[in-house]
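When a residue number appears, it is its place in the shown sequence, counting from 1.
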Amino acid sequence: MADQKSIPEAGEKTGVHHSEIAAGHTRTRQELVEAAAAFQEEQCHMPKKVLFKQYWPAITYSMLLSLALVMEGMDVGLINNFFGHPAYKKKFGWLNAQGQLHISSKWQGAIGAGNNVGSILGLLLNGFLQSRYGAKKVYIFAMCLMACTIFVLFFSVNVKMLLVGNLLCGIPWGIFQTLTTAYAAEICPSALRGYLTAWVSMCWGAGSFLATGVLRGSLNLKGDAGWRVPYGVQWVWIPPLLVVGFLCPESPWYLIRKERVADAENALRRLAAKGYYTDESMAELIAYMQHTNEMEKIEAENASYRDCFRGTNLRRTGIVCMAWIIQILNGQSITNYAAIMLQSVGMSATNAFNYNMGIQSVNIFATAIAIILMGRIGRRTFYFYGSAGIGLCMLIVGILGFTLKGNSVAVPVAVFLVLVQIIFKISLGPTTYVVVAETSSSRVRAQTIVLGRAVYVTGQIIVQQLNPRFLNKGGDAWGLGAKTGIFYFSLCFVWAVWIWFSLPETKNRSFGDLDYLFQKRVPARKFETTAVDLFEFAAEGKTDRIEV
């Protein structure tokens, strides 16, 4: 008989080591769930190197699948900076009134919007497919589709074909944007969620940096190779990522929602170190996942888009959408147009691309800092100070635009754009992926993230219409240049106020804890300190006895 001290009383949250429970002991479902919940809380205080050792397979699979976002990051970097590339303008541009090759702001916005429209289609498609077929099958399908759509861009002959190619490529990119985030959140314990979802941002940033490097390296290539090589490089990623897709296990949360308990057990064992789970600890975890699923059925029985707007899911969906809005409409998007902006204030094309590489080079090391800090600093803190810091930089950039004239503004603006990129990649960039993955309900996680990301892409369409007009000179552009910073400063002020009052702290909270806090309608500023009773809203499992 097991030591009775190892079995927690109702509502008690004591540390439970799975090896303490003897085989053959009959326990209620409540006891199993509470033991699993207590152990998850204990994990939040474990040394991270211990957790990485225990869950290294889950970490590996998540990190490898998330590399698909490198391609998406490259895409954004290519689209926005190709318009300043000499070979690209020679192939697809035409002469302006000053006799210079250019692609009009109208077509720049249209090409970017085409990619984003495709992304929205991919996002909505993923919300439907992932909840029905799981992450694994959808990932493989999207990767094969990606391989096909790149051909359209690679063999484009005019701007109309570029528009179609970007729209088609946007569909698989839209699928990857949300699938990888949801998968990372579902295959690891709550203590590691922040690290793996932040890694998604690292991949996106790495893609942006690679795009600038490829573009800079292609400046000296002859003929069409100057613009075709950057597109063709994306094919390199597809074969190895397809192999990863075939080898990775399915999300155990998806399998629980489909009532495939045996498959969920197999997936969980593959996602942890060999021999980590005992029969007792597996029974506890499965009971906890089933209980959480039952809690969420109260407001999301069918796991549909409609469920995202019912009950407390409406609040959760609103938070996710706002998190994405803040990530795109804060001024950091200007850094994606750095090559254009710096040329507009007097830099040569070569120097502009050199500075652009410097701006994007901070992506990897800044996100690495964020990942290191993710286990120590709350999500609210990252978001509030990130928005405030970027807002301050945007204010300074705007002031420089009014006070400095001619070429003297170029270098100071470039320096502050580097600082903006550092702040963004330490705060809002990676933390957004963490917030949206943790805030959404498990049953409608894919759909909620899809809706939020669709709002983000809509914001991206807006900045792709505004930024070329803000930053370019002549033609249909407005020629504001660095003065654009004032516009984004005003937005950052609004975001900081919303974060302070409405963004909940989700750090070190399990999915069950978060379900309870949202159902109790706890104010955002009290999420971190409110006590949790997992059985207040789902008490039917208290007396079921299970042999383990």
What residues, two or more places apart in sequence or in another chain, satisfy side chain to side chain donor-acceptor pair (under 3.5 Å) together with Y61?
-> R270
Who passes side chain to side chain donor-acceptor pair (under 3.5 Å) against Y139, sequence neighbours left out?
-> none
Is there a donor-acceptor contact under 3.5 Å from the side chain of K507 to the main chain of I377?
-> no
Checking R379 side chain against M374 main chain: does a donor-acceptor pair fall under 3.5 Å?
-> yes
Partner residues of S119 under the side chain to side chain donor-acceptor pair (under 3.5 Å) criterion, sequence neighbours left out | none
Residues which pass side chain to side chain donor-acceptor pair (under 3.5 Å) with N330, listed by chain and number, not counting sequence neighbours = none
Salt bridge (Lys or Arg N to Asp or Glu O under 4.0 Å) contacts touching residues 202-215 (sequence neighbours left out) = none
For T458, which residues count as a side chain to side chain contact (heavy atoms under 4.5 Å, CB included) partner, sequence neighbours excluded?
-> I120
Under the 3.5 angstrom rule, does the side chain of S156 hit a backbone N or O of V152 as a donor-acceptor pair?
-> yes
Polar side-chain atom of R228 near backbone of F155 as donor-acceptor pair, under 3.5 Å = no
Contacts of type ring pair (Phe, Tyr, Trp, His ring centres under 6.0 Å), residue Y183, not counting sequence neighbours | none
With Y456, which residues qualify under ring pair (Phe, Tyr, Trp, His ring centres under 6.0 Å), at least two apart?
-> W324
Look only at the side chain of Q327 and the backbone of G429, and say whether a donor-acceptor pair between them is shorter than 3.5 Å.
-> yes
Determine whether F518 and N313 make a side-chain contact, defined as any pair of heavy atoms from C-beta on separated by less than 4.5 Å.
-> no
Should the ring pair W227 and Y231 be called parallel, tilted or perpendicular, given that the plane angle runs from 0 to 90° and is split at 30 and 60?
-> perpendicular
Quick one: are Y488 and V397 in side-chain contact, heavy atoms under 4.5 Å?
-> no
Quick one: list whatever passes salt bridge (Lys or Arg N to Asp or Glu O under 4.0 Å) with R315, sequence neighbours left out.
-> none
Are S387 and L428 close enough that some pair of their side-chain heavy atoms sits under 4.5 Å apart?
-> yes
Residue pairs fulfilling side chain to side chain donor-acceptor pair (under 3.5 Å) with at least one residue in residues 489-506, sequence neighbours excluded | E438-T506
N-O pairing of R257 and E186 below 4.0 Å = yes
Can you name the ring pair (Phe, Tyr, Trp, His ring centres under 6.0 Å) partners of F128, sequence neighbours left out?
-> none
Hits for ring pair (Phe, Tyr, Trp, His ring centres under 6.0 Å) against F154, two or more places apart or cross-chain, chain-then-number order -> W235
Indicate, with yes or no, if the rings of F92 and W107 have centres closer together than 6.0 Å.
-> no
Between T317 and C308, is there a donor-acceptor pair closer than 3.5 Å when you use the side chain of the first and the backbone of the second?
-> yes
